[in-house]
Amino acid sequence: MTLSRRTVLAGTGALVLAFSLAPARAQTETGKGEGPRKRGLPGSLDDTPRLDSWIRVGPDGAVTVLTGKAELGQGLKTALLQIAAEELKAPLTRLSLVTADTGRTADEGYTAASHSVQDSGTAIRHAAAQVRALLIAEAAGRLGVPAERLRAEDGAVLGPGGARIGYGDLVTDALLTAEAQTASSLTPAAEYAVLGRPVPRIDIPAKVTGGAAYIQDLRPPGLLHARVVRPPSYGAVLIEVDAAAVERLPGVVKVVRDGTFLGVVAEGEWTAIKAMRRLAASARWRETASLPDAAALPDALRALPSRDSTILERGAAGGAGTVVEGTFTRPYLAHGSIGPSCAIAEWQDGGVTVWSHSQGVFPLRRALAGLLHLPHDKVRCIHAEGAGCYGQNGADDAAADAALLARAVPGRPVRVQWMREQEHAWEPFGPGMVASVRAAVTPDGRVADWTHEVWSPSHMMRPGPPGALLAAREIAEPFPPAPPVALAQPEGGGDRNAIPLYAFPNARVVHHFLPEMPLRGSSMRSLGGYLNVMAIESTVDDLARAAGWDPVAFRLRHLTDARAGAVVEAAAKRFGWGRGPARAGRGFAFARYKNLEAYCAVAVEVAVDRETGRVGIERVVAAVDTGEVVNPDGVANQIEGGILQAASWTLFERVAFDRTRVTSVDWSAYPILRFSAVPRSVEVHIVAQPDQPFLGVAEAAQGPAGAALANAIRDATGYRLRDLPLTAGRIKAALGA
Amino acid sequence: MTSMILNGERRAVRAAPDTPLLYVLREEFGLNAAKYGCGLGQCGACTVVIDGEAVFSCVTPVMLAENRQVTTLEGLGTAEAPGPLQRAFIDAQAAQCGYCIPGMMMRAHALLTRDPDASDAAIRAELEPHLCRCGTHMRILRAIRRAADAMRPRSTAEAGR
Amino acid sequence: MRTRRVIAGIGIFGLAAAGAALALAWQPEIAPVPPPAPASFDPALVRRGADLALVGDCRTCHTAPNGAAFTGGLPLPTPFGTLYSTNITPDPETGIGRWSEAAFARALRKGVDREGRHLYPAFPYDHYSATSDDDVRALYAFFMTRPAIAATPPPNELPFPLNIRLTLAGWKLLFLRPRDLAPDPTKDAVWHRGRYLVEGLGHCGACHSPRNLLGAEVVSRAYEGGEAEGWRAYALGAASRAPVPWDEAALTQYLREGFHPLHGVARGPMAPVVENLAEVPREEVVAMARYLASLGAGSGTATPPLAPSSGPGQAPQSAGIQAAIEGAGTDLYAATCAACHEGGRPPPFGGVSLALSTAISGESPRNLVNVILEGLPARGGTGQPIMPGFGAVLTDAQVASLAAGLRRRFGGGAPWPDLEPAIREARAARRLAARPAASMTR
Ligand code: FES
Ligand code: FES
């Protein structure tokens, strides 16, 4: 144990945080409270029931669909438009979409946790169906024909004798102000024209032709460029800086300093960068060595004070059999968006408008209002697409930077973009974690005992509270750190997916929530699910081996959920499980994301070079059941992406730090998967469930893909490695000569 | 004062000669495709083609582009009239967030121009300098393969597989 | 490392010498043996052999890009054609599965394969000849316990008469000499171990010594610098031109970690060498470093810059690592190199201060030109320095002026006379393996 509570507390103003052990707020990852639904309405309609909050029809028949969720590169826009077009019976080309904007859309919290189609898609679907019904009713009145004899098609209501009234002619000011009803007449799956089809994504043409597609591409008139100078390490204090010299540089508009917060506004982007470098070079800081020994991170985590809860207690402990046990660890992982965080802010009339690729513009507005001491209605946050987002990266922090810098130059929009090194050093990482599993299997292949313990800092440090924003901790009058949230079961945070889906008669799962965090952390795709699934699926594999069972058959006999079984069988069959070249390693893994969302099974074949420890991924086959599918190609794209991202986490990634600083501040020092490690082939098979509800899919593959890869490496080498990442060096070391 | 031939048109450049080409393209010419990803030549997001060669515009001072043919993704077509490579990326739905894609496409463009019969292995090797965080790699490879097939005269396309 | 120039000129000479050397030329076949069972080897011996194989860089030459380890097929381009390394896995048909230990030892020390054919000296048996019986046995145990993989390398592409292996006998007659490794009473055991490894399996001189017209190392000028695959292998010891003289500690770090803050990063053909040595027991590398350090300190006089302080006031690397270069204007160096190389960020991930660069102070411009053109490309998912290459945007004239300018500014030496040809050659050999070692975050 090298990190004492004292040293953690010593760095005052440090981001190394300590908290009173007050109970965490029961909060879900989307920012919505757990609890009974208010109105019993489907999806986000329950919070925002007015139909025109979701669907608007112009006099020309053009339809605007509104969502409080954001496009993060997951294809959400297209999916939501497909849903709306299907239920409205309007052509896709007549539909446009407005995404998260505190000035215009419903508050749907964070776009997170693979909830978007479930929350917003469900709301839009019902709202669209009800709008269709209202339009038909309106037409019935006008035509004097009973509604049953009318139908909607192609943006119009059609009646007997060739009667046809376009939506634009039917809509009235008051028509769509109605509140949603509990029941909607939804289109049956058999009649789908747009839903369930691989509709090409609407955002791709602009992205592959140089259209303005990202927040980085917005250029409002009068735009100024800004850069911040972040401290060299957590909690570092700015002692002095030569602001005047930099302010004299041609093209520099202003140097802004507030406590340790430091930035520069300039007319041009390159000027801003050069000015930032000058500022950085003249800045002197006081730093505190507050980080644990990176090499002993798992021990440091386990030694932190914890709030323990038993999240599963089933049967009796101590069932006899062959014991398999081990402790799995993962380092801090970076989101590493390819485009660093960016925001634009403009002050006008004592208020501020901020464009941000935040995952939650409404919570961001709360945080910024607090930070800037403004009433909520003086802050407007508008989502603009950024580079891929896999959880809370620096987006919200950049928004705060922009707001603070723009305040110094009211009337002109200010664009801030982080440098790569700032993104790598300051984004909130996916936390380091430890999970240990002990299990026993009987000679006839039954799991007789199962204990899983997981240690994890919070995976939910998003704004809302201003103190969650970096700049709010740096200014002269800083805000207190945001309290760490322990996300509650059944979705869970660090304990996400810690409860095995398998029907083990005797099982116990304990979550050790760690309110202190050595490094800045927050949510990253699948949260604790990645390591927990890794721990469960590795152990299940070893149990099967110990009992002499085929790992797929062993899983199937412990699964009682028929959909789970179907996905496992589909992946095994498509992969040709049980056949294969003798020298390759094969691995299988399965999980249902959060035990609530999409089911996903993955089979992987690898070749391990025994001399170097390098892993070549030959083949990946995945099967997924995501309930009703809005866009099969979109689902496949998400699963493929999840597989490759998980391969990168599993084989290569680790945030590096010394006792003071994060040292992995670029792609040299934080390597991720490059093309030389890309699998030879990846196949995704969708197990169709057309009459089931939508299930979140964006994070379904990470756990099973990582675990299947680890199992394949185990199969190829004969060694079970439990400390991530499974680098060539570690594999080589395990193999010896 | 330098000038370059940008997507086929001679353009004067006002920026100081040491300004990285990336910022000149984005600010002075209002182009979007070349992206800032790292500024260090480590990710490929900023890749453009100069005289047929893929280069990182983030580390290339604009003075080195003097009098040269600079091609950006905008030079390969438009959303309304996409070029063959762009068409292939749309058809293959080869993007998630898409931020890395323009750089990848420019390097692929340089490769296929040089070697329309580039093998799968050659395409993979060529793309090694490029990062994609969304994991779109399989689709990117598929799209480039598709584009190569579409761009190749029929006879070689059949003979070459 | 590989010595691709070695066979230059062999042919002309060899044919003439062949007759005279006939006695030496004829070598008997050594009878095939049934492939020994892997389990018959002592695991400790196998482990020992694994380390020695790393020192000998066996895998580096006997593995094709993306090929399975030790299955051969790596092309070794030479001025006269291309050689391909052989399959040294214990596959009975295509590998060395039927080789007895005696056959293995003869190949290693005398450059003759089991069937009695002479091997091209790209295989550095002139160094490997120093290997002790015990070490040969360990190496044999190691190779015989590798997975047997059937793989046949492409046939060598050599014109007549170079394709006549008998010509090699003449070469051997002239140049294959036992190494004199007599004990030196003034030196300690570590030094002796180091000499044994450096002169023998490590075959450092194969690259770092000049060669004569017939491609043999010039023994009298050992370690005065040589060539490898289009790279300059710097002079070691007394002839070294490193701005800061090497010492044992620096050599140890460099050989094990692939970089040293005062010398920079191993690249080109040196990259796989340090990659291999990283896995060798530390004391073996320390021994090599001690011996190499004893060869002399060179003439470097640069004052090592102060190590970056870790105390207050250090420039924040997370605020943008690159330095602000004022008024770069059209100064090529300031606009392209300085941002990283004057960024003050420590190696291996930051650019080394060019005042410390042997590429600039050294006797040949070739390495500098190689790096300017190709950079240090990213390779695989490992932590490594990445430098963008500028070959695509710099004209030859610009490369020349940049290289000459760097030499003036940082090198301290006379202008290079051979800059233009170096650029031409480097361009011709584009996409050289300018890679850094695969991983520097071990
Ligand atoms: S932005 Fe140029 S290589 Fe990353
Ligand atoms: S598609 Fe998002 S980074 Fe490649």
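All values derive from a computational prediction rather than experimental measurement. Chain identifiers are assigned alphabetically (A, B, ...) following the order of the sequence lines, protein sequences preceding nucleic acid strands; residue numbering begins at 1 within each chain. All values below were derived from every heavy atom in this structure, side-chain atoms included, with hydrogens, water molecules and symmetry-related copies excluded.
Remark: A/E683 does not engage A/R619 in a salt bridge, criterion side-chain N to carboxylate O under 4.0 Å.
Contacts between B/Q96 and chain A at a heavy-atom distance below 4.5 Å involve backbone atoms as well as side-chain atoms. Only the side chain of A/S648 comes within contact range of chain B, with heavy atoms under 4.5 Å apart. Contact annotation for B/M138: both backbone and side-chain heavy atoms come within less than 4.5 Å of a heavy atom of chain A. Using a 4.5 Å cut-off between heavy atoms, A/R219 touches chain B through its side chain atoms alone. Contact of A/W418 with chain B is made through the backbone alone, with heavy-atom distances under 4.5 Å. At a 4.5 Å heavy-atom cutoff, the contact between B/A95 and chain A is made by backbone and side-chain atoms alike. Neither the backbone nor the side chain of B/R87 has a heavy atom closer than 4.5 Å to any heavy atom of chain A. For B/I90, the parts sitting under 4.5 Å from any heavy atom of chain A are the backbone and the side chain alike. Contact of A/E385 with chain B is made through the side chain alone, with heavy-atom distances under 4.5 Å. Residue A/I643: no heavy atom, backbone or side chain, is found under 4.5 Å from chain B. With a 4.5 Å cut-off on non-hydrogen atoms, B/Y36 touches chain A through its backbone and its side chain both. For A/H225, the part lying near chain B is the side chain, with the backbone staying farther off; criterion is any non-hydrogen pair under 4.5 Å. With a 4.5 Å cut-off on non-hydrogen atoms, B/I140 touches chain A through its side chain but not through its backbone. If you measure heavy-atom distances from B/L141 to chain A, the contacts under 4.5 Å come from the side chain alone. Interface remark: A/A698 contributes no atoms to any contact with chain B (heavy atom separation under 4.5 Å).
Considering every non-hydrogen atom in both A/Y214 and A/A387, the closest pair reads CD2-N, 4.3 Å.
Separation of the A/F675 and B/H130 ring centroids does not fall under the 6.0 Å cut-off. Less than 6.0 angstrom separates the ring centroid of A/Y670 from the ring centroid of A/H424.
The choice from B/G98, B/A33, B/G37 that makes the most heavy-atom pairs within less than 4.5 Å of chain A is B/G37. Ranking B/T78, B/L131, B/T19 against chain A, the residue ahead of the rest is B/L131, based on heavy-atom pairs under 4.5 Å. The candidate from B/Q86, B/E74, B/E128 with the greatest count of non-hydrogen atom pairs under 4.5 Å with chain A is B/E128.
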